[in-house]
Amino acid sequence: MNTVTCVAPVNIAVIKYWGKRDENLILPVNDSISATLDMDHLCAKTTVTASPDFKENRIWLNGKEESMQNPRLQNCLREIRKRAQVSNGMENWKIHIRSENNFPTAAGLASSAAGYACLATTLAKLYKVEGDISGIARAGSGSACRSIYGGFVRWYSGSDPTGIDSIARPIAPATHWSEIRILILVVSDSKKKVSSAEGMKRTLETSEFLKHKVDKIIPTRINEMQKAVLNSDFTTFAELTMKDSNEMHAACLAAYPPCVYMNDISHSIVDLVHKYNDATGTIKAAYTFDAGPNATIFLKERDVSEFVGILNNFFPMSDLYLNGYLKGIPIKAALPSSDLLGKICLTKQEPGRLKYVICTKVGDGPKQLPDSEALSSIN
Ligand code: DP6
């Protein structure tokens with residue numbers, strides 16, 4: 001019997017992947033750039049056990065058995081088999097996969113990136129696969145390929161029809177820009193959403209604006225973003241991050257029928273960030289939104305307590321400290337000055353529109369854990 005356990009991080013794109021040039025191979029229409037988040041606060045953990053005694057392959061996600069017949073899971077396994085280095089018969093052993101997230105699925109955070117990055121990493125260790133494995137993670141979910149590396153990561157779309165050159169590469173490690181903090185604002189929402197796979201397909205097929213973004217905007221912007229990261233240039237990084245998010249959601253609205261991911265609260269957060277930046281006369285915060293209403297805010301460590309104070313003024317979260325509204329890195333919210341509040345001038349929301357806030361930072365890539373930390377059938 002052979003067991004391997006790994007953890008892998010979530011990533012947040014600042015130049016988004018939205019649109020596939022090949023649906024089956026999961027090849028994107030453009031390059032994207034993301035920040036990998038610290039695994040202390042958000043990560044997936046996976047244990048894979050291979051045994052000659054197992055009768056069939058099985059998978060449990062967050063403790064519940066699921067079907068192995070998921071095509072994305074099968075894609076990952078197929079890619080691993082192509083590169084497996086074992087020759088003692090283990091390649092024919094059946095496997096049991098257990099995977100969990102250290103954050104609630106109910107948070108509505110995309111977990112597929114961390115999940116497939118973790119699966120690819122764990123299987124690669126088990127079958128002694130060498131070299132870059134971002135293509136294996138990509139076979140499960142596009143954005144997962146960026147979670148194979150820590151720090152800031154670029155996923156090159158590539159041009160080969162086989163997808164061989166569609167891989168992720170690190171731009172800079174987490175230590176390169178350690179003052180960056182990331183707040184995930186989990187927004188209350190009950191609406192059933194269009195999945196990102198379906199949403200990006202519809203947008204690519206029907207939105208003229210997405211074609212414009214891919215052909216005319218991203219080719220220059222992607223290199224500007226990479227340069228901003230390498231130069232630790234927050235103003236440029238923040239501006240490009242917000243523009244790219246706005247343009248992704250504009251492209252979604254230009255789909256027919258439109259794909260709507262942001263809600264009223266999301267739009268109020270956009271408003272707050274712009275008013276906060278205007279009031280302070282500097283770009284101190286940047287927002288970005290994925291295929292849902294939650295906001296991710298990038299800012300510098302020294303501005304976190306001021307921003308959270310402002311946020312709690314306009315989006316009250318009941319008792320900030322008693323009820324676990326602030327998770328992750330401990331934050332002490334500053335009481336905002338009346339001068340700053342006056343300049344921001346926004347309508348105060350009813351309490352409870354934000355479920356909670358997770359404060360985190362840029363972190364490292366996946367890692368293997370000792371067998372003592374394996375997920376077992378009883379936990
Ligand atoms: C908005 O990676 O979830 O988060 O490849 O179909 O699994 P599939 O899509 P997925 O899409 C992520 C879209 C996004 C932007 C991004 O992470 O780049």
Side-chain angles (χ1 to χ4, degrees), residues 8-37 42 44 70-76 79 101 105 107-120 134-149 152-158 163 166-168 171 182 184 193-205 207 210 213-214 217-218 221-222 225-226 240-253 255 259-262 266 287-296 298:
V10 167
N11 72 78
I12 298 286
V14 291
I15 299 287
K16 308 287 184 195
Y17 145 55
W18 197 253
K20 296 181 181 76
R21 67 184 156 89
D22 187 310
E23 295 265 331
N24 294 324
L25 297 175
I26 313 199
L27 303 176
V29 286
N30 60 266
D31 291 16
S32 53
I33 292 181
S34 59
T36 293
L37 306 189
L42 299 163
N70 173 341
R72 286 160 173 256
L73 177 60
Q74 291 298 330
N75 284 349
C76 260
E79 293 304 310
N101 299 322
T105 320
L109 299 170
S111 54
S112 65
Y116 278 108
C118 206
L119 180 67
S134 64
I136 300 171
R138 194 201 74 230
S141 177
S143 57
C145 72
R146 298 184 310 239
S147 278
I148 293 296
Y149 297 103
F152 293 85
V153 182
R154 177 164 175 173
W155 171 14
Y156 291 85
S157 66
S166 187
I167 54 172
I171 295 175
I182 297 143
I184 299 173
K193 286 176 286 287
V194 179
S195 73
S196 38
E198 197 189 323
M200 64 177 85
K201 182 169 190 287
R202 191 193 298 170
T203 313
L204 191 66
E205 282 168 358
S207 170
L210 185 65
K213 179 178 195 270
V214 169
I217 303 178
I218 296 182
R221 175 147 322 147
I222 193 97
M225 178 61 94
Q226 178 155 342
L240 298 178
T241 296
M242 292 187 277
K243 286 183 173 170
D244 187 77
S245 172
N246 292 342
E247 287 159 4
M248 175 192 133
H249 291 277
C252 287
L253 282 180
C259 301
V260 182
Y261 291 112
M262 293 166 67
S266 319
Y287 53 78
T288 184
F289 294 83
D290 285 329
N294 294 339
T296 300
F298 285 85

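Bear in mind the structure is a predicted one, so any value in this text is a computation, not a measurement. Both ligands and their constituent atoms are indexed starting at 1 by order of listing.
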Which ligand 1 atoms does [X] reach within 4.0 Å, using its non-hydrogen atoms?
X: Ser196; value: 3 (O), 9 (O), 10 (P), 11 (O)
X: Arg72; value: 6 (O), 7 (O), 8 (P)
X: Ala197; value: 6 (O)
X: Met200; value: 9 (O), 11 (O)
X: Lys20; value: 5 (O), 6 (O), 8 (P)
X: Ala13; value: 16 (C), 17 (O), 18 (O)

Do Tyr261 side-chain atoms and Val194 backbone N/O form a donor-acceptor pair below 3.5 Å? yes
Salt-bridge criterion met for Glu198 and Arg202 (N-O under 4.0 Å): yes
Got a sec: does the NZ of Lys20 have more than 12 other heavy atoms crowding it under 6.0 Å? yes
Among Ile33, Leu27, Asp290, Ile26, the residue with a heavy atom nearest to atom 1 (C) of ligand 1 is Asp290
Return yes or no for this condition: an N or O of [X] is under 3.5 Å from an N or O of ligand 1.
X: Trp18; value: no
X: Ser141; value: yes
X: Asn11; value: no

Please confirm whether Arg138 approaches ligand 1 to less than 4.0 Å, judged on its heavy atoms.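 No heavy atom of Arg138 comes that close to ligand 1.
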So, for Arg72 and Ala197, which heavy atoms are closest and what is the spacing to 0.1 Å?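 In terms of heavy atoms, the two residues are closest at NH2-CB, 3.7 Å.
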What pairs with Arg154 under salt bridge (Lys or Arg N to Asp or Glu O under 4.0 Å), at least two apart in sequence or on another chain? Asp31
Side chains of Ser196 and Trp18: do they bring a donor and an acceptor to under 3.5 Å? no
Arg146 versus Ser32, side-chain donor and acceptor atoms under 3.5 Å: yes
